[in-house]
Amino acid sequence: MKKFIRQNIDHQPIVDNVFKIVSLANDAIAKKGKENIVNATIGSLYDEDGNLVALDTVFNTYNSLDNRTKAKYASSFSGNPNFRQQVYNWVVQDTKLDLCHSVIGTPGGSGAVSSTILNVLDEGQTLIIPHIAWGNYKSMATIANCKVQAYQMFDGDAFNITSFKETCREVMARQGKVLAIINDPCHNPTGYSMTVEEWNQVIDFCNELSNEGPVIILDDIAYIDYSYNLERSRDYMNAFNRMNDQVMIVVAFSCSKTLTSYGLRCGGAVILAKNHEDVRSLEILMEKHARASWSNIPNAAMENFVKVTTEHKDEFNAEKAKYVDLLRQRCEVFKKEADECGLAYYPYKEGFFVTLKVEDDDLLTRFHEAMIAQDIYTIKVNKGIRVALCSLSIEKCQGLAFKMKDILDSLK
């Protein structure tokens, strides 16, 4: 009996495999030099010299802020009003949404996701996630005393709408409500982005399912601003106008990812619904959750986001575009060579990661360990290996797929 702590919760110690493997990779670099190690573990953007990208536009603007701006509390635990408005403007951009909305400032996109789970689901209910997904979705559900059920992400090279429907129907039949996560565009960890037609199918199905109970889609857009076709990256949001008044969408946005300011925790939950009363009901709970947990997010981070994306918007987009193009080059090299040697990977369109397809669990573990033995560090995920091409130079991407295929073939 653990008498001093909550009883109705999972007491297993947290095991974060990402940070564990990152530590192993760093130890190897310290011993052998970074030129001899392939460190494809890091989910942050790095330049060709192996340095973390910290966009000058972002941090020069941050450094220009008055120290008192950096020191002071936010004006509200919901987020500064100008920040909340600019997050909405930035997230939807040229999309013509005819929906009621609100924005709650959160500590990164993670805060938006966790707050949604905690304030939508009751204890014991089930969160729906993709079968290949960011591991913290499950951790967040666990801390909220919720269960997780996964839908198969792919049907061939397309979004598996059939599995999504079946999973949502099963959960709806049990609990009379559905909260489902879709991480799109630039899915972590596969790099898949759904088509507008796939989103139309999702919304049409949600409207149908909502006859049995409320349906909430949590759209995690952490990597949206690294889409290869940025001008069209929000087109799918027009599908949101199709939802009826029994469907809600919460968009989890990460200033941290967009601005390459990963440690300066800042983001927002954009609540979208047909009726103001429905938006307000979730907004109230999220406001209370914010006040009772993180209290308020960094004032300077919010002011910096507003300034960068308004006063320095063109300069920021131009600087970021160079790294998006670099990311595209790396992924094209890796995909081309993977296709040449027959190294299987899940459907990739854009984003920080490519995930190798390894469906046998035993082979997956042995493959991951064998790569580490040859100084190739990656992250093992469900049914695959996440390769963070965002952190590898073009030179290190060259020949990598061939090496991985040789290692995999040696284990069969």
Side-chain angles (χ1 to χ4, degrees), residues 9-10 14-20 22 41-45 52 58 74 77-79 83-84 87 90-91 103-121 127-130 132-146 148 179-189 216-226 249-271 282-283 285-302 304-305 351-353 379 381 386 388 390:
I9 197 167
D10 182 358
I14 186 170
V15 178
D16 194 312
N17 291 321
V18 174
F19 283 93
K20 178 181 177 181
V22 168
T41 64
I42 307 168
S44 305
L45 192 59
L52 179 68
V58 172
F77 43 82
S78 301
F83 170 77
R84 297 172 72 187
V87 165
W90 185 262
V91 166
V103 175
I104 301 293
T106 60
S110 301
V113 174
S114 64
S115 184
T116 302
I117 295 168
L118 280 165
N119 290 298
V120 167
L121 294 178
L127 171 70
I128 298 171
I129 65 173
I132 304 173
W134 183 47
N136 276 345
Y137 293 149
K138 186 173 182 180
S139 300
M140 291 173 182
T142 298
I143 208 69
N145 277 335
C146 291
V148 166
L179 172 60
I181 294 180
I182 296 179
N183 177 200
D184 184 78
C186 307
H187 175 262
N188 174 10
I216 305 93
I217 298 295
L218 176 51
D219 180 19
D220 183 350
I221 64 166
Y223 296 93
I224 193 169
D225 288 312
Y226 292 86
I249 292 176
V250 180
V251 180
F253 172 66
S254 172
C255 300
S256 309
K257 292 286 193 305
T258 291
L259 300 188
T260 67
S261 53
Y262 311 100
L264 192 62
R265 307 303 299 155
C266 186
V270 182
I271 308 168
L282 182 55
E283 180 184 47
L285 294 186
M286 285 188 161
E287 286 172 344
K288 290 181 178 179
H289 178 234
R291 189 70 180 100
S293 53
W294 54 78
S295 180
N296 64 135
I297 62 175
N299 183 66
M302 289 188 281
N304 193 53
F305 174 76
F352 277 32
F353 313 107
I379 300 298
V381 298
R386 189 191 83 175
C390 56

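The model shown is predicted, which means the values in this text are computed figures rather than measured ones.
Taken from OH in Tyr223 to CZ in Phe353, the straight-line distance is 3.5 Å, to the nearest 0.5 Å. Between atom SG of residue Cys186 and atom CG of residue Asp220 there is a gap of 11.0 Å, rounded to the nearest 0.5 Å. Remark: Met302 CE to Ile297 CD1 distance equals 4.5 Å, nearest 0.5 Å.
Counting heavy atoms from C-beta on, the side chains of Arg84 and Ile104 come closer than 4.5 Å. Counting heavy atoms from C-beta on, the side chains of Cys390 and Ile42 never come closer than 4.5 Å. Residues Ile221 and Pro185 meet the side-chain proximity criterion, which asks for heavy atoms closer than 4.5 Å. Phe352 places a side-chain heavy atom less than 4.5 Å from the side chain of Leu45. You'll find the side chain of Leu127 stays beyond 4.5 Å of the side chain of Met140, heavy atoms only.
Using a distance-only test at 3.5 Å, with no hydrogens or angles considered, a donor-acceptor pair links the side chain of Asn119 to the main chain of Ser115. Side chain of Asp225 to backbone of Thr258: no donor-acceptor contact under 3.5 angstrom is found. Proximity of a side-chain donor or acceptor of His289 to a complementary backbone N or O of Ser114 within less than 3.5 Å is not detected.
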Next on the checklist: Evaluate Thr106 against Trp294 for side chain to side chain contact (heavy atoms under 4.5 Å, CB included), listing each step before the verdict.
Outcome noted: CA-CA 8 Å; Thr106 60; Trp294 54 78; 4.0 Å; yes
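Within a 6.0 Å radius of CG in Leu285, other residues, nucleotides and ligands contribute more than 12 heavy atoms.
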